[in-house]
Peer 1: 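Please find one structure pasted underneath; my questions will follow.
Note that the numbering runs from 1 along the sequence shown for the chain. Computed from a predicted structure; not experimentally measured.
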Amino acid sequence: MKLGDVAKILDACVICGKDMLDFEVDSAFGADLMSDVLAFVKPTTLVLTGMMNPHVIRTAEMLDVHCIVCVRGKQPTQEMLDEADKIGVALLSTEKTLYTCCGLLYAAGLRGCERKEVHDGSV
């Protein structure tokens, strides 16, 4: 699914990364805990969160994630915008709740993430 389609489905505004609307995502993950994001997300995942601090952008950078949707009408801080612009992360914002966003995207065919395996074989 293209990021532009995500924006339409979620009635989201593109705050940063308008040039990335053709970027393809193949899964989505909703969480406010970045430790959960670290355990599940891959570069082609769309991250949905209500957490608004620079740690979100640093986590995206670590995982090479290119798209974050801010839910519940939350707006990214200026520091987040600056960092996202610098590393090429698109930021969207929607008034919808995390639960509603996940449901809408799932109904449109975007599936969730599976937990990553840890190097020692445990999950």
Side-chain angles (χ1 to χ4, degrees):
M1 180 179 291
K2 291 186 180 195
L3 189 55
D5 297 327
V6 169
K8 288 178 190 166
I9 291 165
L10 300 181
D11 296 322
C13 66
V14 181
I15 299 171
C16 179
K18 288 183 169 75
D19 59 330
M20 296 178 62
L21 295 179
D22 285 332
F23 184 82
E24 291 275 344
V25 292
D26 61 12
S27 59
F29 188 75
D32 286 344
L33 294 173
M34 291 302 105
S35 58
D36 286 346
V37 172
L38 288 168
F40 285 86
V41 170
K42 59 187 188 219
T44 53
T45 301
L46 174 72
V47 173
L48 300 106
T49 188
M51 187 172 173
M52 294 296 107
N53 68 45
H55 186 58
V56 174
I57 305 301
R58 286 194 281 283
T59 301
E61 183 177 27
M62 280 177 38
L63 298 172
D64 200 27
V65 166
H66 301 282
C67 313
I68 298 170
V69 176
C70 307
V71 298
R72 300 188 300 272
K74 302 262 181 122
Q75 294 296 315
T77 65
Q78 188 61 50
E79 185 178 1
M80 288 176 69
L81 288 170
D82 294 343
E83 285 299 310
D85 191 46
K86 179 176 156 185
I87 64 170
V89 170
L91 291 175
L92 284 70
S93 181
T94 181
E95 293 293 323
K96 296 182 184 327
T97 65
L98 181 59
Y99 182 80
T100 298
C101 289
C102 292
L104 289 168
L105 293 171
Y106 189 88
L110 192 60
R111 296 301 179 242
C113 297
E114 299 295 326
R115 178 177 275 249
K116 295 182 205 173
E117 286 196 35
V118 194
H119 295 292
D120 67 1
S122 63
V123 288

Peer 1: Please check if Leu110 and Leu98 belong to a single hydrophobic cluster, counting links between Ile, Leu, Val, Met, Phe, Trp and Tyr side chain heavy atoms closer than 4.5 Å.
Peer 2: yes
Peer 1: Do Lys86 and Ile57 pass the side-chain contact (heavy atoms from CB on, under 4.5 Å) test, and can you show the C-alpha distance, the side-chain angles, and the key distance before you say yes or no?
Peer 2: CA-CA 10 Å; Lys86 179 176 156 185; Ile57 305 301; over 6 Å; no
Peer 1: Is there a chain of hydrophobic side chains (I, L, V, M, F, W, Y, each step under 4.5 Å between heavy atoms) that links Val47 to Val56?
Peer 2: yes
Peer 1: Hey, could you give me each pair passing side chain to side chain donor-acceptor pair (under 3.5 Å) that has a residue in residues 66-81? Not counting sequence neighbours.
Peer 2: Asp32-Arg72, Gln75-Ser93, Gln78-Asp82
Peer 1: Examine Leu105 and Val65 and state if one hydrophobic cluster contains both, with Ile, Leu, Val, Met, Phe, Trp and Tyr joined whenever side-chain heavy atoms are less than 4.5 Å apart.
Peer 2: no
Peer 1: Just list the side-chain donor-acceptor pairs under 3.5 Å for residues 3-23, sequence neighbours left out, or say none.
Peer 2:
residue, atom, partner, partner atom, Å
Asp11, OD2, Lys96, NZ, 3.2
Lys18, NZ, Val14, O, 2.9

Peer 1: Please say yes or no: joined through hydrophobic side-chain contacts below 4.5 Å, possibly via intermediate residues, are Phe40 and Val25 part of one cluster?
Peer 2: no
Peer 1: Say you draw a straight line from CD1 of Ile68 to CG of Leu48; how long is it, rounded to the nearest 0.5 Å?
Peer 2: 10.0 Å
Peer 1: List the atom of Thr94, the atom of Cys101, and the distance in Å for their closest heavy-atom pair.
Peer 2: CG2-SG, 3.6 Å
Peer 1: Which pair of non-hydrogen atoms, one from Met51 and one from Met80, has the smallest distance, and what is that distance?
Peer 2: O-CE, 4.4 Å
Peer 1: Not counting sequence neighbours, which residues clear side chain to side chain contact (heavy atoms under 4.5 Å, CB included) with Thr59? List them please.
Peer 2: Met34, Val37, Leu38, His55, Leu63
Peer 1: Dump the intermediate steps for side-chain contact (heavy atoms from CB on, under 4.5 Å) on Leu46 and Met1, then the final yes or no.
Peer 2: CA-CA 10 Å; Leu46 174 72; Met1 180 179 291; over 6 Å; no
Peer 1: Nearest heavy-atom pair of Gly50 and Val71: which atoms, and what distance?
Peer 2: N-CG2, 3.7 Å
Peer 1: Using a 3.5 Å distance criterion without hydrogens, assess whether the side chain of Thr49 forms a donor-acceptor pair with backbone atoms of Ala31.
Peer 2: yes
Peer 1: Counting C-beta onward and ignoring hydrogens, is there a side-chain heavy-atom pair between Cys70 and Met52 closer than 4.5 Å?
Peer 2: yes
Peer 1: Between Thr45 and Cys113, which heavy-atom pair has the shortest distance, and what is it?
Peer 2: CG2-SG, 3.4 Å
Peer 1: Sorted by first residue and then second, give each salt bridge (charged side-chain N to carboxylate O under 4.0 Å, His left out) pair with at least one member in residues 59-70; sequence neighbours left out.
Peer 2: none
Peer 1: Show the numbers, then the answer: is there a side-chain contact (heavy atoms from CB on, under 4.5 Å) between Phe29 and Asp36?
Peer 2: CA-CA 9 Å; Phe29 188 75; Asp36 286 346; 4.1 Å; yes
Peer 1: Can you pull the side chain to side chain donor-acceptor pair (under 3.5 Å) pairs that have at least one residue in residues 99-110, sequence neighbours excluded?
Peer 2: Thr97-Thr100
Peer 1: Linking Ile, Leu, Val, Met, Phe, Trp and Tyr by side-chain heavy atoms under 4.5 Å, what else ends up with Leu33?
Peer 2: none
